[in-house]
Amino acid sequence: MNNETRSQTIVRHTQAYLQRTSDSWPTLATNVMERYHELVPAQQREVHFKIYGDAYKCARLNAQELRRMESGDIRLPVDLEEAWVQSLPQPWQEQCLTDLAARYGLLAAPIPSTEAGGAVIDFAALLKEIAEMHEALAPAIADGVIDEQDRPLAVRMLKEITDVDAQLLTMRRQINKILDGRPGKAAAGLKRVM
């Protein structure tokens with residue numbers, strides 16, 4: 001994983017998704033094409049997906065184009081990355097974003113929701129991640145120590161801890177937004193964090 005390129009990271013998560021679901025390359029290609037057309041203005045598109053004629057044939061031809069990128073025969077254009085990653089369903093999209101952000105030394109933390117009830121949704125996501133972290137750590141801490149015997153669990157433990165970190169960062173951003181705006185009596189003695 002450490003020496004893979006960005007496109008190899010995307011391909012790895014794409015392959016995991018396709019191997020574990022009944023979806024196919026033509027289905028993915030259709031989703032990527034639609035998202036790409038939403039994100040990139042027509043005059044700036046480097047990838048020219050097939051859109052006219054028989055929909056099934058277009059999907060197969062577009063899948064063939066993505067498969068060439070998968071194999072490395074042609075390079076994955078930078079403007080296609082966003083559409084491709086956004087076309088991956090969960091949890092593959094989240095895992096791919098986490099790996100891509102980590103390449104920069106960053107966490108892939110969701111932007112806090114601005115919708116009514118968004119804080120409750122963000123908090124629920126945090127609790128879910130904490131539960132998954134607990135599940136990953138439980139076997140390692142059962143004997144009271146995390147040591148070399150827990151090496152087989154290490155990758156999953158770190159992944160789950162990173163997911164909790166990202167959700168905490170989302171909550172921190174919500175709270176910092178309050179402190180940045182207008183400190184009231186309750187916030188007067190508090191410092192902004194991160």
Side-chain angles (χ1 to χ4, degrees), residues 1-2 4-40 47 49 59 62-63 65-67 69-71 76-140 152-175 177:
M1 267 192 276
N2 294 339
E4 67 184 6
T5 63
R6 288 185 74 78
S7 58
Q8 289 169 334
T9 298
I10 295 166
V11 164
R12 177 169 50 84
H13 288 287
T14 300
Q15 289 170 341
Y17 146 61
L18 291 171
Q19 289 169 2
R20 290 175 180 82
T21 68
S22 60
D23 288 348
S24 64
W25 277 100
T27 300
L28 175 65
T30 300
N31 294 337
V32 171
M33 181 228 13
E34 289 171 356
R35 189 68 183 126
Y36 182 68
H37 287 170
E38 290 171 9
L39 294 171
V40 181
V47 181
F49 287 105
N62 292 334
E65 188 77 2
L66 292 188
R67 296 296 302 264
M69 293 174 202
E70 174 204 26
S71 69
L76 190 151
V78 70
D79 288 342
L80 185 63
E81 177 183 311
E82 189 176 3
W84 190 321
V85 173
Q86 287 180 8
S87 296
L88 296 175
Q90 297 299 350
W92 298 279
Q93 182 186 115
E94 180 181 329
Q95 293 165 356
C96 187
L97 286 169
T98 297
D99 286 351
L100 292 171
R103 295 172 65 89
Y104 285 102
L106 302 172
L107 291 174
I111 294 173
S113 177
T114 56
E115 299 175 12
V120 174
I121 293 167
D122 291 339
F123 187 63
L126 172 62
L127 293 177
K128 173 189 157 289
E129 295 300 345
I130 290 172
E132 290 174 3
M133 180 185 70
H134 179 268
E135 182 182 310
L137 291 171
L153 307 170
V155 171
R156 179 162 181 243
M157 288 189 297
L158 281 176
K159 181 231 179 276
E160 298 304 339
I161 289 169
T162 300
D163 290 350
V164 169
D165 285 343
Q167 288 299 330
L168 283 170
L169 182 57
T170 297
M171 298 297 290
R172 184 177 294 124
R173 285 177 178 165
Q174 290 176 325
I175 295 166
K177 196 188 298 186

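Residue numbers start at 1 and run along the sequence shown.
Atom CG of Asp163 is separated from atom CG of Leu158 by 11.0 Å, given to the nearest 0.5 angstrom. Atom CD1 of Ile10 sits about 11.0 Å away from atom CG of Leu66, to the nearest 0.5 Å. Between atom CD of residue Glu129 and atom CG of residue Leu127 there is a gap of 10.5 Å, rounded to the nearest 0.5 Å. The distance from atom CG of Asn31 to atom CD of Gln86, rounded to the nearest 0.5 Å, is 12.0 Å. Atom CG in Leu100 sits 7.0 Å away from atom NE2 in His13 (nearest 0.5 Å). Going from atom OG1 of Thr21 over to atom CG of Leu88 covers 10.0 Å, rounded to the nearest 0.5 Å.
In this structure, the side chain of Glu81 does not engage the main chain of Val85 through any donor-acceptor pair within 3.5 Å. Side-chain atoms of Arg20 come within 3.5 Å of backbone N or O of Ala16 as a donor-acceptor pair. One N or O on the side chain of Tyr36 and one on the backbone of Val47 form a donor-acceptor pair closer than 3.5 Å.
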(message) Under the criterion side-chain contact (heavy atoms from CB on, under 4.5 Å), I'd like the reasoning laid out for Leu28 against Trp25: C-alpha separation, chi angles, the key distance, then a yes or no.
(response) CA-CA 5 Å; Leu28 175 65; Trp25 277 100; 3.9 Å; yes

(request) Given side-chain contact (heavy atoms from CB on, under 4.5 Å), test Asp165 with Ile161 step by step and report yes or no. (result) CA-CA 6 Å; Asp165 285 343; Ile161 289 169; 4.1 Å; yes

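Evaluation of the side chain to side chain contact (heavy atoms under 4.5 Å, CB included) rule for Thr162 yields Thr98, Leu107 as partners, not counting sequence neighbours. Every residue two or more places apart in sequence or in another chain that forms a side chain to side chain contact (heavy atoms under 4.5 Å, CB included) with Ala59 is listed here: Pro26, Thr30.
A side-chain hydrogen bond (donor to acceptor under 3.5 Å, both in side chains) with Arg12 is found for one member of Gln95, Glu70, Glu4 and no other, namely Glu4.
The nearest pair of heavy atoms linking Thr14 to Trp84 is OG1-NE1, 2.8 Å. Here the shortest heavy-atom pairing between Met157 and Ala140 reads SD-CB, 3.4 Å. Annotation for Leu126 and Val164: closest pair CD1-O, 4.2 Å, computed over non-hydrogen atoms. Contact between Ala108 and Ala166 at its shortest, heavy atoms only, is O-CB, 3.6 Å. Residues Leu169 and Ala109 come closest through the heavy atom pair CD2-CB, 3.7 Å.
For the pair Met33/Ser87, no side-chain contact is recorded, criterion being any heavy-atom separation below 4.5 Å from C-beta on. Here the side chains of Leu80 and Phe49 are in contact, with some heavy-atom distance below 4.5 Å.
A salt bridge does not link Asp99 with Arg103: none of the charged nitrogens is closer than 4.0 Å to a carboxylate oxygen.
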Output a table of donor-acceptor pairs, distance under 3.5 Å, between side-chain atoms of residues 130-139 and any protein atom two or more places apart or on a different chain; print 'none' if there are none.
residue: Glu132; atom: OE2; partner: Lys128; partner atom: NZ; Å: 3.1
residue: Glu135; atom: OE2; partner: Arg156; partner atom: NH2; Å: 3.1

